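Quick caveat: nothing in here was measured; it's all calculated off a predicted structure. Lettering of chains follows the sequences in order, A, B, ..., and the numbering in each one begins at 1.
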Protein chains: 2
Amino acid sequence: MTLPAVGHRVTETATAEDRVGTTRVDTAAEPKYWHLKTVLSEALETEFTVGEVLPNERELAARFNVARATLRQALEQLELEGRLQRRRGVGTTVAPPRVGVSVMEERPAWPGADGEAWQTVDCADSTPLPAVARLLGTAAGERVHTVRRTRLSYGVAVAAESLYVPAASVPGLSSIAASGGPARARAVLRELNRLELQGQERSVELGSARADDARQLDRLPGAPVLVVTSRYRSADRTAAVAVATYRADTCRLTFGESGGLVHQQDLAAS
Amino acid sequence: MTLPAVGHRVTETATAEDRVGTTRVDTAAEPKYWHLKTVLSEALETEFTVGEVLPNERELAARFNVARATLRQALEQLELEGRLQRRRGVGTTVAPPRVGVSVMEERPAWPGADGEAWQTVDCADSTPLPAVARLLGTAAGERVHTVRRTRLSYGVAVAAESLYVPAASVPGLSSIAASGGPARARAVLRELNRLELQGQERSVELGSARADDARQLDRLPGAPVLVVTSRYRSADRTAAVAVATYRADTCRLTFGESGGLVHQQDLAAS
DNA sequence: GAGTGGTCTAGACCACGGT
DNA sequence: CCGTGGTCTAGACCACTCG
């Protein structure tokens, strides 16, 4: 089960290829890819450091005597768990531990309140999806202000958000300054912060990145994301709804006092 | 882009196969499986009802003129988004909307407090994983009480949890009643509830089900789960840590006042 | 036993990142 | 340009469920 080093070449200049080992994964009732994942997982902890690049897929597959598709199934799972990072044209690297991002502060607050973490991209009018319109209480097909924002963590984008604000929520908005750009986005947020915030509710679920979100997150379309839906209440109405998609591979969402909680990847153990 | 019905047989007794259509998915810059997913997604909303069983994979693949593996890639994504449910030996069915499960009540509370939703399975001594031990502040290798619980929603298991309680947190526990079963589990929870709860922190991340959790959730090992890690503080120490894995396909985790929030599957739109 | 989804293979070509 | 991961094919066999 452990990873015996390859017999030849055990000098101090052992390459990444050497350290992966060549343990066969036959003779197992469990699927090959599952066993393979376990073996690789242990190798990652023992023999590799964060950021290090693994041998390429064709080579790994040959080394473990499996088809490339089978190997990829194992890599996919490890990537889903945030242990690996794969980039086309570059290679597969060992991922750093997931970053904890706080998604629920002590006190409820309007988006854009403390100008923290989130970076406004732009603002446009759009007809929200029916599900969002239902939450907002607007008529189907009614256009609402839609502010796009990006959340950065240590310089990299970890989340993309669409904030939907019905015109009724921001009556003070000067319709003259309605150029579709970042200026209008700031105006909408400013008006929103004037309102009294009654409360907010959040939910988290698994989803896959839409094409535009994927681009913003530097991922391929369909990449797994954690979808955080927030509903902001004011004057007994829903004043705004935010749908934020967080990169599931790199993010750990924290609630309550954000503290150093367990990393999922440290919980590996079959 | 829409789904033209098959030319032949448009009687009122159209079968499921008919309603899937035969729209070709070539002539596309985007990947076939992505386009396929979109087409199927629309068909699910338009032509199918919850619980209905789809044509089998070989037939769908033939109908869309793609390899079965390609079709499966599309189905996989739809399942990840909670739109489909696949069971070996049975078939692929249209999944009901995700159920909202509350994972953070208004006021912090000890596990087992209101005997709600969670069902105690058993209790044993175990040496928690290093990451958990670090959170607990116990020595590596130290054995702690480990209560296994299951969360039911409408009769089906939606989450499996391991609650780790160091012996120091429950000094009043009579070591005589230390039979490894449910009785001890209840005793541990009872003692825990005697303590003053100072606060709790939670985090959510994506993971894949370990073999035992998968069994408890009626899923295959490796199935996507939302891992909720909770830390309970008392007397300026970490009194307990809970690691709960929720079925990502069927669950929507709610925070704050649990309300009818948006369903991710209603947010589909590329 | 028949039918389903799950696993696996051995190829091929494509899209992208860096050189 | 080359090497990488991403997509796709056309098969095969296995594990499971159910009648």
Side-chain angles (χ1 to χ4, degrees), chain A residues 16-17 24-37 40 52-62 64-80 84-95 208-209 211 214-215 218-224 249, chain B residues 16-17 24-37 40 52-62 64-80 84-95 208-209 211 214-215 218-224 249:
Chain A
E17 294 82 48
R24 293 298 197 80
V25 287
D26 353 62
T27 71
E30 59 194 348
K32 275 187 184 175
Y33 79 91
W34 183 262
H35 195 153
L36 198 48
K37 176 193 148 187
L40 285 169
E52 197 171 352
V53 46
L54 268 61
N56 72 54
E57 296 183 349
R58 290 162 180 86
E59 181 153 342
L60 279 177
F64 287 106
N65 245 295
V66 298
R68 190 175 156 222
T70 304
L71 172 82
R72 277 179 61 81
Q73 216 173 336
L75 294 183
E76 245 154 62
Q77 282 231 0
L78 289 171
E79 190 179 30
L80 203 75
L84 290 179
Q85 202 163 338
R86 300 192 288 172
R87 271 175 305 170
R88 169 156 53 179
V90 179
T92 302
T93 56
V94 181
S208 49
R215 212 175 314 112
D218 189 30
R219 299 260 64 196
L220 292 178
D249 55 343
Chain B
E17 294 81 48
R24 292 300 197 79
V25 287
D26 351 63
T27 70
E30 59 194 350
K32 274 188 186 177
Y33 79 90
W34 184 262
H35 195 154
L36 198 46
K37 176 193 148 187
L40 285 170
E52 197 172 352
V53 46
L54 267 62
N56 73 55
E57 296 183 349
R58 290 162 180 87
E59 181 153 341
L60 279 177
F64 287 105
N65 245 294
V66 298
R68 191 175 155 222
T70 304
L71 173 81
R72 279 179 59 80
Q73 215 173 336
L75 295 184
E76 244 153 61
Q77 282 228 2
L78 289 171
E79 189 180 30
L80 203 76
L84 291 180
Q85 202 164 339
R86 299 192 288 173
R87 271 176 304 168
R88 168 153 54 177
V90 179
T92 302
T93 56
V94 181
S208 49
R215 213 175 312 113
D218 189 31
R219 298 260 63 195
L220 291 178
D249 56 344

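In this structure, the CG atom of Leu84(A) is 16 Å from the P atom of dT4(D), given to the nearest Å. Whole-Å rounding puts the Gln85(A) CD to dG5(D) C1' distance at 13 Å.
Heavy-atom contacts from other residues, nucleotides or ligands closer than 6.0 Å to CZ of Arg68(B) number more than 12.
Of the two residues contacting DNA chain D, namely Arg68(B) and Arg86(A), the nearest-nucleotide position lying further toward the 5' end is that of Arg86(A).
Nearest heavy atom pair, residue Pro224(B) against residue Leu80(B), reads CG-CD1, 3.6 Å. Pairing each heavy atom of Val66(B) with each of Lys32(B), the nearest pair is CG1-CD, 4.1 Å. Minimum interatomic distance between Leu71(B) and Ala61(B) (heavy atoms only, all atoms of both residues): CD2-N, 3.8 Å. Between Leu40(B) and Ala74(B), the closest heavy-atom pair is CD1-CB, 4.4 Å. Closest approach of Arg219(A) and Arg86(A) over heavy atoms only: NH2-O, 3.5 Å.
Summarising the geometry, atom CG belonging to Leu36(B) is positioned 8.5 Å from atom CG belonging to Leu78(B); distances are rounded to the nearest 0.5 Å.
Between chain B and DNA chain C, the heavy-atom contact criterion of under 4.0 Å yields a 5' to 3' nucleotide range of dG3(C) to dT7(C).
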Table of protein N/O atoms under 3.5 Å from nucleotides 14-19 of chain D N/O atoms:
residue, atom, partner, partner atom, Å
dA15(D), O4', Arg88(B), NH1, 3.3

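Contact annotation: Asn56(A) reaches the phosphate of dT4(D) (side-chain N/O to OP1 or OP2, under 4.0 Å).
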Please lay out, stage by stage, how Lys37(A) and Gln73(A) fare under the test side chain to side chain contact (heavy atoms under 4.5 Å, CB included). CA-CA 8 Å; Lys37(A) 176 193 148 187; Gln73(A) 216 173 336; over 6 Å; no

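Using a 4.0 Å heavy-atom cutoff across all strands shown, Leu75(A) reaches no nucleic acid atom at all.
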